[in-house]
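Here's the structure we're looking at; comments come further down.
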Amino acid sequence: MEILAPAGNMEALIAAVRCGANAVYLGMTQLNARRNAGNFDAQELNKAVAYCHCRDVKVYLTANTLVSDAEMDMAHSTVDTAMEAGVDGFIVQDIGMAKMIRQCFPQAKLHASTQCSATTPDGFKALEKMGFVRAVIPREMSEDEIAEIRACTNMELEAFVHGALCMCVSGQCYMSAMLGGRSGNRGLCAQPCRLQFSADDRPACDLSLKDLSLIRHIQKMEKLGICSLKIEGRMKRPEYVAAAVTACKEAINKNYSPDTENILRSVFSRSGFTDGYFTGKREDMFGTRQKEDVMAAGNVLKELSHLYDNENPLVPISLSFFCHSNQPSRLTVTKGERTVTVTGPVPQAAINAPMTAESLTARLSKLGGTQFYAHKVDTDIEEGLILPAGVINGMRRDAVEKLNIITPREYDALPLPDTDKVSHKKTYYTARFLHPDRIPHEHPFKRVFIPIWSEDKYFEDNRIGVEIPRGLFGCEEKLKKQLSHLRDIGVTMALCPNIGAYKTAQDMGFAVYGDFGMNVFNSMGAQQVSSPILSYELTLEQANAINADDTGIIVYGSLPLMLARNCPVKNRIGCHQCNKNGSLTDRKGYKLPVKCSTYPCVEILNPLPLYLGDRMREVKTDFAHLYFTDESRQRVEQIIDMFNNGSPPDTKFTRGLYYRGVK
């Protein structure tokens with residue numbers, strides 16, 4: 001299995017490689033999910049790739065953020081620079097970005113980030129159809145769920161085995177963006193979930209999880225068909241990278257020890273580690289960074305730094321030396337599929353001690369200070385000859401230097417495609433209702449979506465479709481069974497929150513519509529999704545300018561900030577006390593509703609509703625979507641009247657990110 005290590009800067013990269021990583025992932029200064037890491041400019045990227053490739057280590061570039069239309073030229077240039085440097089793959093979240101790479105750089109290898117939010121077999125099938133050759137398994141998946149994914153796809157599967165664990169399902173967190181304008185989907189998450197959020201009004205950090213560690217389960221992961229073991233931590237120091245890579249190597253070799261685990265815990269942890277998602281035992285997953293966690297690091301950092309002081313002999317080479325009278329000597333060195341040859345002088349007749357195969361082998365094997373070791377040495381020497389030791393050493397050094405020269409890779413770079421401008425029509429309205437009994441008898445909505453678990457009687461209106469939940473871990477068969485039933489009773493429309501649900505509903509014959517969870521952020525993405533509700537991390541100006549048919553935005557509602565598999569309210573007070581009416585109180589006293597469902601995730605909502613009823617003249621998208629949660633029918637009717645009349649809000653509200661945007 002491949003050990004895939006984080007490289008936030010060159011020192012961390014060197015630490016990873018010298019400790020035995022088979023691949024590293026890193027970001028350039030833009031378009032990566034850790035924009036606050038050191039990262040690499042074009043010159044540094046070339047240096048990093050050359051260093052790695054000389055040591056048989058692959059380099060994957062993180063391009064795993066949402067990309068606006070205005071940034072697509074820059075994204076194209078970034079990919080071009082990385083292809084020229086020779087990177088081995090691109091880790092991508094944005095489906096528009098993936099389409100651009102696929103069309104403009106056909107030789108590029110696409111790896112699907114966890115931020116793609118694929119959680120079902122159909123989700124991974126959809127990624128494979130989109131051209132991805134590898135996908136990163138969500139951290140929230142259990143052992144059985146990973147096995148289900150492995151059975152459904154030919155893609156390579158990569159899994160996180162160590163590092164920080166987000167409370168939210170990757171790609172579905174809008175908390176940092178909504179609360180502070182720093183988007184996790186854009187690489188600048190401020191980690192507000194590590195702050196105080198309480199489910200019972202007592203001081204607590206009920207959204208902070210312990211760090212993940214599955215290193216003890218690496219043998220199981222190998223049996224599951226995981227090809228790449230990923231370590232989180234591009235914001236972490238090199239010593240952390242060295243420790244985690246070393247631990248993974250030990251686990252692969254079946255000698256992972258308690259001492260190594262204690263070192264890992266010392267270098268960084270939050271009240272220890274958790275494997276709760278993998279094992280399905282999610283009761284003890286919450287933790288924070290304590291003073292003793294910080295103090296423990298000081299005792300191990302210096303020791304860990306020595307793990308990568310010097311080059312380690314990690315790369316095997318074969319050497320073959322030819323030495324016959326009246327012919328130039330010749331050294332041939334082979335590394336993998338690459339062979340180099342160095343020609344030396346004609347040997348002389350030995351006066352005293354002639355060369356022997358043993359003495360020559362010993363001299364050729366002196367590769368200290370390099371990344372190489374002599375796996376095999378062959379000698380073809382005529383008896384009675386001699387070459388000076390300095391000559392042999394020089395030939396060996398020349399051969400090693402030639403091995404370290406990287407041949408530039410040829411690739412195609414096609415320009416961004418031109419598309420015809422789409423004209424938008426007069427804006428119409430759509431809606432979703434958490435409680436279908438609160439839909440008014442008379443309403444202006446062209447389409448209405450209600451939860452999949454709603455009673456059959458609520459689907460009798462042909463304007464009503466099904467809203468598929470975002471959290472579908474291990475639920476695809478349950479989903480298909482219910483969709484089949486709804487189709488049989490006449491439901492024709494499905495609002496789809498991710499690419500897996502989109503494929504499932506489409507394959508079953510539903511008219512599909514893209515929900516906000518698909519994170520459509522640019523025109524190339526919108527052109528791949530039917531009637532998408534655009535990301536609410538776009539500004540209104542950006543959303544209005546999206547060049548695709550039938551796009552919409554959310555204009556009202558308590559927007560979801562997080563999708564979590566481990567309910568923070570259940571963890572703190574239990575389901576009985578919550579009675580499906582849970583909330584979290586932040587440090588400023590705001591209450592964030594927590595909504596559960598018959599599917600295995602909960603949603604944490606913004607405490608203030610979004611409202612654009614008095615700004616609808618500025619909305620130029622094809623449709624406007626109202627997102628109703630706990631409003632009474634009377635309140636729904638009031639909201640509709642307010643939108644019809646262009647009335648200002650009558651309660652505390654937010655404009656979301658439509659006017660301030662995200663960084």
Side-chain angles (χ1 to χ4, degrees), residues 30-31 63 65-76 92-104 115-117 130 171-172 174 177-178 181 183 185-186 415-432 446-447 449 495-499 502 511-557 559 610 612 615-627 655-663:
Q30 301 290 333
L31 302 179
T65 62
L66 301 182
V67 182
S68 69
D69 281 343
E71 295 167 330
M72 200 58 79
D73 281 331
M74 180 263 288
H76 184 280
V92 177
Q93 169 190 9
D94 188 315
I95 60 173
M97 177 80 165
K99 181 179 179 181
M100 182 276 287
I101 295 176
R102 194 169 61 248
Q103 288 186 350
C104 300
Q115 305 263 128
C116 289
S117 303
M130 291 168 65
Q172 298 301 305
Y174 311 97
M178 288 294 293
S183 169
N185 283 316
R186 300 266 294 159
L416 284 169
D418 293 325
T419 55
D420 295 332
K421 184 68 177 175
V422 174
S423 59
H424 295 288
K425 306 174 181 65
K426 183 180 178 181
T427 302
Y428 64 90
Y429 286 101
T430 65
R432 69 81 77 167
K446 182 177 179 180
R447 296 187 295 272
F449 296 97
L495 185 61
C496 305
N498 53 53
I499 58 174
Y502 193 91
V512 289
Y513 300 85
D515 206 354
F516 68 88
M518 296 191 76
N519 288 325
V520 174
F521 204 78
N522 53 58
S523 297
M524 293 189 83
Q527 291 159 11
Q528 299 177 80
V529 179
S530 176
S531 302
I533 297 173
L534 303 174
S535 167
Y536 46 80
E537 294 190 76
L538 288 167
T539 65
L540 187 56
E541 182 181 9
Q542 289 172 323
N544 287 338
I546 292 292
N547 188 31
D549 286 324
D550 202 32
T551 62
I553 62 170
I554 297 177
V555 295
Y556 171 81
L559 299 177
L610 171 75
L612 290 184
R615 308 293 287 266
M616 286 303 296
R617 290 181 180 178
E618 300 165 26
V619 176
K620 306 300 181 185
T621 54
D622 298 284
F623 65 93
H625 190 67
L626 282 72
Y627 189 88
R655 300 292 190 191
L657 297 161
Y658 290 135
Y659 294 95
R660 56 191 174 105
V662 292
K663 295 180 181 178

Notebook entry, point to check: Taking only residues two or more places apart in sequence or in another chain, which ones pass ring pair (Phe, Tyr, Trp, His ring centres under 6.0 Å) with Tyr556?
Noted result: Phe628
Check: Testing Ile533, Asp550, Leu540, Thr551 for side chain to side chain contact (heavy atoms under 4.5 Å, CB included) with Thr621, which one passes?
Finding: Thr551
Check: Is Leu31 close to Val67 at the side-chain level, that is, under 4.5 Å between some pair of heavy atoms?
Finding: yes
Next item on the list: Please say whether more than 12 non-hydrogen atoms of neighbouring residues, nucleotides or ligands are located less than 6.0 Å from CZ in Arg660.
Entry: yes
Next item on the list: For Glu541, enumerate each residue passing the salt bridge (Lys or Arg N to Asp or Glu O under 4.0 Å) test, keeping only those at least two apart in sequence or located in another chain.
Entry: none
Notebook entry, point to check: Side chains of Asp622 and Thr427: does their closest heavy-atom pair fall under 4.5 Å?
Noted result: no
Notebook entry, point to check: Quick one: do Glu71 and Arg186 make a salt bridge, cutoff under 4.0 Å?
Noted result: yes
Next item on the list: Go through the structure and list residues passing ring pair (Phe, Tyr, Trp, His ring centres under 6.0 Å) with Tyr513, not counting sequence neighbours.
Entry: Phe449
Checklist line | Nearest heavy atoms of Ala177 and Ser183, plus distance in Å | finding: CB-CA, 3.9 Å
Check: Does a donor on one side chain sit under 3.5 Å from an acceptor on the other, for Asn547 and Ser523?
Finding: no
Margin query: Between Ile554 and Tyr658, is the side-chain contact (heavy atoms from CB on, under 4.5 Å) condition met? List the steps.
Written below: CA-CA 10 Å; Ile554 297 177; Tyr658 290 135; 4.2 Å; yes
Note to self: Can you tell me how far apart CD1 (Ile95) and CD (Gln527) are? Round to the nearest 0.5 Å.
What the structure shows: 10.5 Å
Check: Are the side chains of Met524 and Gln103 in touch, meaning some heavy atoms are under 4.5 Å apart?
Finding: yes
Item checked: Distance, nearest 0.5 Å, that separates CE of Met178 from CG of Leu559 -> 5.0 Å
Next item on the list: Quick one: pull up NZ in Lys425 and CG in Asp549 and give me the separation to the nearest 0.5 Å.
Entry: 6.5 Å
Note to self: For a quick test of reading the model, state the closest non-hydrogen atom pair linking Met518 to Ile499 and the distance between them.
What the structure shows: CE-CG2, 3.7 Å
Next item on the list: Dump the intermediate steps for side-chain contact (heavy atoms from CB on, under 4.5 Å) on Tyr502 and Gln528, then the final yes or no.
Entry: CA-CA 11 Å; Tyr502 193 91; Gln528 299 177 80; over 6 Å; no
Item checked: From Met100 atom CE to Met72 atom CE, the distance as rounded to the nearest 0.5 Å -> 6.0 Å
Margin query: Less than 3.5 Å apart, any donor N or O on the side chain of Asp94 or Asn522 sitting next to an acceptor on the other?
Written below: yes
Note to self: According to salt bridge (Lys or Arg N to Asp or Glu O under 4.0 Å), who are the partners of Arg655, at least two apart in sequence or on a separate chain?
What the structure shows: Asp614
Item checked: Beyond-backbone contact of Phe521 with Ser68, side-chain heavy atoms, under 4.5 angstrom -> yes
Item checked: Approximate separation, where rounding is to 0.5 Å, of His424 NE2 and Lys620 NZ -> 11.0 Å
Margin query: Before you tell me yes or no, could you show the steps for Leu416 and Asp73 under side-chain contact (heavy atoms from CB on, under 4.5 Å), namely the whole-Å CA-CA distance, both residues' side-chain angles and the distance that decides it to 0.1 Å?
Written below: CA-CA 8 Å; Leu416 284 169; Asp73 281 331; 2.8 Å; yes
Notebook entry, point to check: According to the interplanar angle, ranging from 0 to 90°, do the rings of Tyr536 and Tyr174 count as parallel (below 30°), tilted (30 to 60°) or perpendicular (above 60°)?
Noted result: tilted
Check: Would Tyr659 and Glu618 count as having a side-chain donor-acceptor pair, cut-off 3.5 Å?
Finding: yes
Notebook entry, point to check: About how many Å separate CG of Asp515 and OG of Ser531, when rounded to the nearest 0.5 Å?
Noted result: 12.0 Å
Margin query: I need the minimum non-hydrogen distance between Gln172 and Gly517, along with the two atoms involved.
Written below: NE2-O, 2.9 Å
Checklist line | Sequence-distant partners of His76, ring pair (Phe, Tyr, Trp, His ring centres under 6.0 Å), two or more places apart | finding: Phe105
Note to self: I need the minimum non-hydrogen distance between Val520 and Pro532, along with the two atoms involved.
What the structure shows: CG2-CB, 4.0 Å
Note to self: Are the side chains of His625 and Ile553 in contact, using a 4.5 Å heavy-atom criterion?
What the structure shows: no
Notebook entry, point to check: Minimum heavy-atom separation for Gly656 to Leu610, with atom names?
Noted result: N-CD1, 3.5 Å
Check: Going by distance alone, is a donor N or O of one side chain under 3.5 Å from an acceptor N or O of the other, for Asp69 and Gln542?
Finding: no
Check: Does a side-chain heavy-atom distance below 4.5 Å link Ser530 with Cys496?
Finding: no
Next item on the list: Could you walk me through whether Asn519 and Asn185 pass side-chain contact (heavy atoms from CB on, under 4.5 Å), step by step?
Entry: CA-CA 9 Å; Asn519 288 325; Asn185 283 316; 4.0 Å; yes
Next item on the list: Could you pull out all residues at least two apart from Tyr428 that satisfy ring pair (Phe, Tyr, Trp, His ring centres under 6.0 Å)?
Entry: Phe623
Check: Closest heavy-atom contact between Gln30 and Met74?
Finding: CB-SD, 3.8 Å
